[in-house]
There are 2 protein chains.
Amino acid sequence: MSEIKETSTNFANKLALADECLEAYASNIIGGQWTLVICSWLLNGKLRFGALKKNLPNITERMLTLQLRKLEENKIISRTVYAEVPPRVEYELTPIGYALKPVIKALESWGDEHKKLMNEPQEVSGSKN
Amino acid sequence: MSEIKETSTNFANKLALADECLEAYASNIIGGQWTLVICSWLLNGKLRFGALKKNLPNITERMLTLQLRKLEENKIISRTVYAEVPPRVEYELTPIGYALKPVIKALESWGDEHKKLMNEPQEVSGSKN
DNA sequence: TTAGGTACTATATAAAATGTAAGTAATGAG
DNA sequence: CTCATTACTTACATTTTATATAGTACCTAA
């Protein structure tokens, strides 16, 4: 997080890839460490900052804030502030945010398959590729 | 890439997340900058190192090697070396690699929608949230 | 006056990912 | 012997991302 250097090769590469490859584009947006987890919690409905924090046990407040900001910038979530004391802020997926559902489901089901595969015992006597 | 520090909080968090969240698990595996692009090229059939390099114009050999190694470790691609000179190495998706297709398609279609949304002109006169 | 809750912000630092530049091995062509 | 070719490897530098720790503002209730 923090600043990105718009003169770096890395940055240029990301732009170029995102430009010609929709999956790279998408991956740039939702590829952060906490992004998808936050979204999958929000799929069940709006949550406030503190609730998200509880659901993501090891996240620091700073990381949560940064992730939420990025998500907001990308119009994936909306942020509603209630002028109360103590403050209350609610986060909710936008339509395009809810549209992530099939992506998340696809990832989950692939992840499940993959995890099983990786836990399988190895073939010992080398039979095939 | 390079070494990961198995004592870091980051590492612990990733493990914990991957453990309870399949989408975080999947995202850890295919979330690299080039991973999905490589896979989407390979969806059309096996390719050799040099061909991949040509298709990914700005990638360095180092990055390509690292990504391919990681993909191989995760059993997403297989690597076949032909004992020729000059050397020839072919990469091909494994079954679980080909199983990424729906994930990639879901990402592409979401990315497409999202991109359109972000390119839309902003609403100027603040009407709604 | 002080403590307490909520949602942050600021600053520093650590770790991970990516990039640059150079070199390696094997062999056949010239 | 030298060069070209291919698929790497290595050492190092830079950029990006994540974490740690400590604040802040606001009002309420004691």
Find the distance A/R88:CZ to D/dA25:P and express it as a whole number of Å. 24 Å

Gap between atoms CZ and C1', on B/R62 and D/dT6 respectively (whole Å): 19 Å

Candidates C/dT18, C/dT6, C/dT27 - which lies nearest the side chain of B/V85: C/dT27

Expressed as a whole number of angstroms, how long is the span from A/M63:CE to C/dC8:C1'? 15 Å

Which of these nucleotides, D/dT16, C/dA7, D/dA18, is closest to any side-chain atom of A/Q33? D/dA18

Test salt bridge (charged side-chain N to carboxylate O under 4.0 Å, His left out) on A/E90 and A/R88; report intermediate values, then the result. CA-CA 7 Å; A/E90 286 183 343; A/R88 181 159 64 102; 3.2 Å; yes

Answer yes or no: does a side-chain N or O of B/N13 lie under 4.0 Å from OP1 or OP2 of D/dT19? yes

Using a 6.0 Å distance limit plus a 45 degree cone around the ring axis, check whether B/K115 lies over the aromatic ring of A/Y25. yes

Taking the side chain of A/Y91 as its heavy atoms from C-beta onward, which of C/dT18, C/dC8, C/dT6 lies nearest to it? C/dC8

Would you mind reading off the distance between A/L56 atom CG and C/dA7 atom C1', rounded to a whole angstrom? 16 Å

Counting only side-chain N and O atoms of A/Q67, is one of them less than 4.0 Å from OP1 or OP2 of D/dT17? no

When you check the side-chain N and O atoms of B/T35 and B/Q67, is any donor under 3.5 Å from an acceptor? yes

Measure from CG on B/L17 to C1' on D/dT17 and round the result to the nearest Å. 15 Å

If you check every side-chain atom of A/V89, which of C/dG19, C/dA7, D/dA7 has the closest atom? C/dA7

First of A/V81 and B/W34 reached from the 5' end of DNA chain C, by closest nucleotide: A/V81

Looking at B/Y91, is B/R79 sitting on its ring face, NZ or CZ under 6.0 Å from the six-membered ring centre and within 45 degrees of the normal? no

In whole Å, what is the span from the CG atom of A/L66 to the P atom of D/dT16? 15 Å

Nearest-nucleotide 5' precedence on DNA chain D, B/A51 against B/N10: B/A51

Side chain of A/R79 (C-beta onward), nearest among D/dA18, C/dT27, C/dA7: C/dA7

Assert: residue with more 5' nearest nucleotide on DNA chain D, out of B/F11 and A/T7, is A/T7

Nucleotide nearest A/E61 when distance is taken to its side chain, options D/dT16, C/dG19, D/dG23: D/dG23

I need the CG-P distance between A/L68 and D/dA18, as an integer number of Å. 14 Å

With sugar-phosphate meaning primed atoms plus P, OP1 and OP2, does B/Y82 contact a base, only sugar-phosphate, or nothing at under 4.0 Å between heavy atoms? nothing

With heavy atoms under 4.0 Å as the rule, sort B/E84 into base, sugar-phosphate or nothing. nothing

Would you classify A/T9 as touching base, sugar-phosphate or nothing, given that sugar-phosphate means primed atoms plus P, OP1 and OP2, and contacts are heavy atoms under 4.0 Å? sugar-phosphate

Under 4.0 Å, counting only non-hydrogen atoms across every strand here, what does B/S8 touch: a base, just sugar-phosphate, or nothing? sugar-phosphate

If you compare every side-chain N and O of A/K14 against the phosphate oxygens of D/dT17 (OP1, OP2), does one of them come in below 4.0 Å? yes

Check the distance between C/dA7's C1' and A/K53's NZ and give it to me in whole angstrom. 9 Å

Closest to side chain of A/P87, choosing from D/dA18, D/dT9, D/dC26: D/dC26

Return the nearest nucleotide to the side chain of B/K5; candidates are D/dT17, D/dA20, C/dA15. C/dA15

Does the B/D112 side chain pair with the main chain of B/E108, one donor and one acceptor, at a distance under 3.5 Å? no

Evaluate whether atom NZ of A/K53 has more than 12 neighbouring non-hydrogen atoms of other residues, nucleotides or ligands under 6.0 angstrom away. no

